[in-house]
There are 2 protein chains.
Amino acid sequence: MSEHKLNDSLDTLKKSGVRITPQRHAILEYLISTESHPTADDIYKALESNFPNMSVATVYNNLRVFRNAGLIKELNYGDASSRFDFVTHDHYHIICEKCGTIVDFHYPGLEEVEHLATHVTGFEVGSHRLEVYGTCPACIDNAAKVN
Amino acid sequence: MSEHKLNDSLDTLKKSGVRITPQRHAILEYLISTESHPTADDIYKALESNFPNMSVATVYNNLRVFRNAGLIKELNYGDASSRFDFVTHDHYHIICEKCGTIVDFHYPGLEEVEHLATHVTGFEVGSHRLEVYGTCPACIDNAAKVN
DNA sequence: TAAACTGATGATAATGATTATAAAGTAATA
DNA sequence: TATTACTTTATAATCATTATCATCAGTTTA
């Protein structure tokens with residue numbers, strides 16, 4: 001799956017003069033293949049078996065490289081650590097406040113909001129971020145069972 | 001200004017059995033009076049002269065108390081520390097990527113998005129969060145002067 | 001090919017925000 | 001007044017992230 005996403009990404013990196021090391025390859029591959037939105041530590045642990053000597057710093061460094069290249073997004077929710085999300089087409093996130101699950105969903109875009117914001121504040125708008133919070137189906141079920 | 005916001009907040013706290021200490025009073029007052037979106041440390045520093053013995057932990061503890069009481073919101077942007085915002089009427093934030101300035105703006109609400117998200121994901125939706133990123137007028141000016 | 005250069009990695013220390021802990025203070029209540 | 005519950009303060013602990021620096025690997029150049 002998504003073999004071409006990986007190749008596209010590797011091309012992008014090469015073009016900006018970034019070397020493709022085995023670690024970088026593995027981190028990118030993991031980010032593309034996973035459905036989840038892993039923390040740096042998740043990634044570190046997931047690759048531990050293949051790269052027993054890899055340093056946490058390497059994970060952080062390369063996440064920054066990928067972010068600067070526009071390949072991934074860094075997500076900051078209330079909890080302690082950042083999560084990382086491979087950038088595909090535009091999508092938003094809905095987050096379960098009970099268990100932390102993050103699910104993607106699509107929405108036609110909110111250019112209106114950007115326009116209004118520009119108009120009202122005089123800012124030059126670059127991007128926006130939207131998240132919806134609630135309770136996921138699994139947690140709703142669990143709550144029902146308990147009562 | 002906003003004397004009644006403060007009194008409302010104090011009432012809310014009293015009703016939920018929270019004691020009004022001088023520190024709590026001062027922190028709340030500061031949050032209501034300031035236009036900015038201060039970090040815990042900003043608050044700590046701002047009240048230093050009046051409360052030379054106040055501990056940072058007190059600031060954090062009370063911010064949590066206020067947040068649990070629904071009086072303030074905790075905002076997490078990319079940078080290191082959380083910012084706190086007194087909850088008034090619903091508004092969104094636009095954030096300058098150059099200097100970090102945060103400005104409020106109003107928008108009719110995005111219930112549509114919540115409905116769609118519910119429909120698509122099966123989540124029970126509670127709230128959402130939207131931020132717009134860009135460059136503030138001052139930074140635009142500065143950039144123009146340099147070139 | 002060998003030397004030199006550049007960037008990447010890995011180990012570890014440092015930083016900085018937030019939280020935990022425990023002792024002492026303060027208000028509320030019986 | 002004695003007891004209880006809640007707060008504050010001071011400080012230590014935690015934990016994510018970043019900085020440092022020696023080492024390593026790939027690439028370029030002589």
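Heavy-atom basis, side chains included; hydrogens, waters and symmetry copies ignored. In what follows, every chain begins at residue 1, and chains take the letters A, B, ... in the order their sequences are listed.
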Just compare [options] and give me whichever is closest to any side-chain atom of [X].
X       : options               : result
B:Asn53 : D:dA10, D:dT8, C:dG10 : D:dA10
B:Ala40 : D:dT8, C:dT9, C:dT18  : C:dT18
B:Thr21 : C:dT9, D:dT8, C:dT18  : D:dT8

Calculate the interatomic distance between [X] atom [atom1] and [N] atom [atom2]; express it in whole Å.
X       : N      : atom1 : atom2 : value
A:Leu63 : C:dT9  : CG    : C1'   : 15 Å
B:Ile20 : D:dT7  : CD1   : P     : 9 Å
B:His25 : C:dT26 : NE2   : P     : 19 Å
A:Asp42 : D:dC15 : CG    : P     : 15 Å
A:Asn68 : D:dT18 : CG    : P     : 11 Å
A:Arg24 : C:dG10 : CZ    : C1'   : 14 Å
A:Arg83 : D:dA16 : CZ    : C1'   : 13 Å
A:Asn76 : C:dT18 : CG    : P     : 12 Å

Query raised in the report: Phosphate oxygens OP1/OP2 of D:dA16: is one of them under 4.0 Å from a side-chain N or O of A:Ser82?
Result: no

Query raised in the report: Do the side-chain N or O atoms of B:Thr58 get closer than 4.0 angstrom to the phosphate oxygens (OP1, OP2) of D:dT7?
Result: no

Query raised in the report: Is B:Tyr92 close to B:Val132 at the side-chain level, that is, under 4.5 Å between some pair of heavy atoms?
Result: no

**Report entry** Residue met sooner reading DNA chain C from 5', once A:Phe51 and B:Phe84 are mapped to nucleotides
**Finding:** A:Phe51

Query raised in the report: Mind checking what makes ring pair (Phe, Tyr, Trp, His ring centres under 6.0 Å) contact with B:His37, not counting sequence neighbours?
Result: B:His93

**Report entry** Member of B:Arg64, B:Arg129, B:Arg67 meeting the salt bridge (Lys or Arg N to Asp or Glu O under 4.0 Å) criterion with B:Glu74
**Finding:** B:Arg67

Query - Polar side-chain atom of B:Asp42 near backbone of B:Thr39 as donor-acceptor pair, under 3.5 Å - result: yes

Query raised in the report: Charged N to carboxylate O below 4.0 Å: is that the case for A:Lys45 and A:Asp41?
Result: yes

Report task. Given side-chain hydrogen bond (donor to acceptor under 3.5 Å, both in side chains), test B:Thr58 with B:Asn61 step by step and report yes or no. Result -> CA-CA 5 Å; B:Thr58 300; B:Asn61 287 339; 5.4 Å; no

Query raised in the report: Contact class for B:Asn62 vs. all strands (heavy atom < 4.0 Å): base, sugar-phosphate, or nothing?
Result: sugar-phosphate

**Report entry** Gap separating the CZ atom of A:Phe84 from the CG atom of A:Leu31, nearest 0.5 angstrom
**Finding:** 8.5 Å

Can you name the atoms? Protein N/O to nucleotides 19-25 of chain C N/O, anything below 3.5 Å, with the distance.
none

